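In this text the structure is predicted, and so the values were computed from the model without any measurement. Just so it is clear, the values below take in all heavy atoms, side chains as well, and ignore hydrogens, waters and symmetry mates.
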Protein chains: 2
Amino acid sequence: MKPAYLQVKEFIQQHISSGEWRPGDPVPSEATLMQQFEISRMTVNRALRELNSEGMVKRVQGLGSFVAELHRISSSLHLRDIQEEVVERGHVHSARVLLSQAEKASAEVAQSLGLRAGARVFHTVIVHLENGVPIQYEDRHVNPAVSPGYLETNFVKTTPTAHLLKEAPLTEAHYSIEACLPTPDQARYLDVAPHEACLAMARRTVSGKHVASVVRLVYPGSRYSFAGKFQA
Amino acid sequence: MKPAYLQVKEFIQQHISSGEWRPGDPVPSEATLMQQFEISRMTVNRALRELNSEGMVKRVQGLGSFVAELHRISSSLHLRDIQEEVVERGHVHSARVLLSQAEKASAEVAQSLGLRAGARVFHTVIVHLENGVPIQYEDRHVNPAVSPGYLETNFVKTTPTAHLLKEAPLTEAHYSIEACLPTPDQARYLDVAPHEACLAMARRTVSGKHVASVVRLVYPGSRYSFAGKFQA
DNA sequence: CAGTGGTCTAGACCACCGA
DNA sequence: CGGTGGTCTAGACCACTGG
């Protein structure tokens with residue numbers, strides 16, 4: 001037997017996704033559902049509370065519960081480690097380190113990392129391969145305050161993403177996905193034509209009070225896509 | 001005074017994001033937190049249950065609650081109507097209908113829509129503009145069973161997305177984001193150079209038992225990006 | 001076995017809304 | 001005012017885990 005709160009949830013979801021209850025329509029009140037299902041109010045409350053936090057219904061104190069506007073169908077992207085992703089597909093991950101050094105930050109990099117221009121930062125450029133085929137060009141700048149030992153890491157065995165996640169639990173990350181043409185360097189190391197469209201993700205990760213790292217990930221357009229599922 | 005369940009949530013979140021409790025570490029049990037906060041078990045349970053559904057902790061019956069692995073930081077993309085999006089930015093949306101007709105489905109389209117090859121489908125191609133500048137080329141095929149009156153819609157005033165959302169509440173949608181070069185047609189109507197990289201989203205929307213629509217949305221790489229925030 | 005989370009109840013008090 | 005949701009309690013029974 002399914003839990004009572006789940007039965008209530010499914011009952012309501014069914015009426016919504018069948019189109020019988022339209023966005024804006026009132027959902028039966030807690031009192032009504034209590035009687036209908038012969039269960040306690042806490043149980044009904046849980047069902048409605050969860051539907052609310054899932055964006056399925058909207059609740060207003062003193063007024064009632066209503067079917068939510070349905071544009072709110074959403075998807076969750078996850079911040080994944082490229083190595084983990086490749087291994088999960090049953091393939092072999094390898095990496096080629098093109099650069100790994102300390103530098104003085106340019107104005108732009110300093111700004112993104114929340115440091116003053118000219119501050120010492122770590123810079124790595126790594127190409128990730130799946131079964132020997134290049135799939136990601138990773139150009140990363142790291143805040144030394146967050147990971148002092150960053151450059152001593154063996155980036156063939158562990159990725160910067162994995163290392164930084166372990167070093168500094170991150171609290172948030174901003175990203176932007178865009179299309180671009182590869183730079184000559186990127187084209188060479190990703191093994192794509194100079195005019196082939198590429199997918200790029202720019203990402204800034206924050207750990208506590210510090211910006212941990214800024215990175216530009218470039219993927220060959222012909223060999224990579226972000227896929228997912230929106231779900232009600 | 002903040003609700004007790006929220007205080008417990010924040011207490012735990014603080015210990016996690018400060019790095020004091022690492023991924024895999026056990027979180028205090030319900031019984032412990034009951035005593036510590038002098039509140040009932042239901043309240044503690046709610047706090048932990050919500051943290052669990054938010055991906056912050058992982059709970060195992062019979063074992064305990066643990067700090068979740070932090071790769072699970074995620075972002076929520078929303079399925080938005082382009083018109084709504086433009087208006088929200090305080091700009092003017094307009095549209096140019098390049099094609100709007102019934103057709104016999106090609107094998108590929110029929111497959112995506114879950115119909116037999118040669119079945120009658122609706123096909124629209126529309127360019128969306130923001131303040132007169134083209135930003136999206138929308139090539140869409142619609143299942144007539146889901147929206148029989150689709151072609152009678154005035155697509156200058158309302159978008160296919162808005163119309164379909166209203167017509168058929170959707171239950172899920174699959175998407176894939178990739179980089180591509182524009183076709184000659186797309187380049188012309190989006191007003192981009194033939195070699196400029198573009199961003200494309202392929203999307204298949206499902207309403208109940210039917211596939212409602214398949215669409216390919218092409219954006220000029222220089223004028224559009226998907227941005228967002230991962231959050232713990 | 002003892003400890004954990006999963007679920008549920010019957011009642012309670014409060015804040016908010018509209019009439 | 002009555003109806004709504006927001007929160008909380010003290011207890012209960014169950015299923016699962018480990019030793």
Please tabulate, for the side chains in residues 34-42 of chain B, all donor-acceptor contacts under 3.5 angstrom to protein atoms that are two or more places apart in sequence or on a different chain.
unit_1	atom_1	unit_2	atom_2	d
Ser40(B)	OG	Thr43(B)	OG1	3.4
Arg41(B)	NE	Glu30(B)	OE1	2.5
Arg41(B)	NH2	Glu30(B)	OE1	3.1

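When the C1' atom of dG5(C) is taken as reference, atom CG of Leu51(B) falls 14 Å away, rounded to whole Å. Remark: P of dG5(C) and CE of Met34(B) are 11 Å apart, rounded to the nearest angstrom.
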(message) Protein within reach of the bases, or only the backbone? For nucleotides 4-11 of chain D, mark each nucleotide 5' to 3' as B, S or -, using heavy atoms under 4.0 Å.
(response) BBBBBBB-

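Contacts classified as side-chain hydrogen bond (donor to acceptor under 3.5 Å, both in side chains) and involving residues 142-156 of chain B (residues at least two apart or in different chains) are given here: Thr124(B)-Tyr150(B), Ser147(B)-Glu167(B), Thr153(B)-His163(B).
Donor-acceptor pairing under 3.5 Å is lacking for the side chains of Glu130(B) and His128(B).
In plain terms, the two heavy atoms of Val127(B) and Pro134(B) that are nearest each other are CG1-CB, 4.0 Å.
The aromatic rings of His15(A) and Trp21(A) sit parallel to each other, their planes meeting at less than 30°, with 60° as the upper class boundary.
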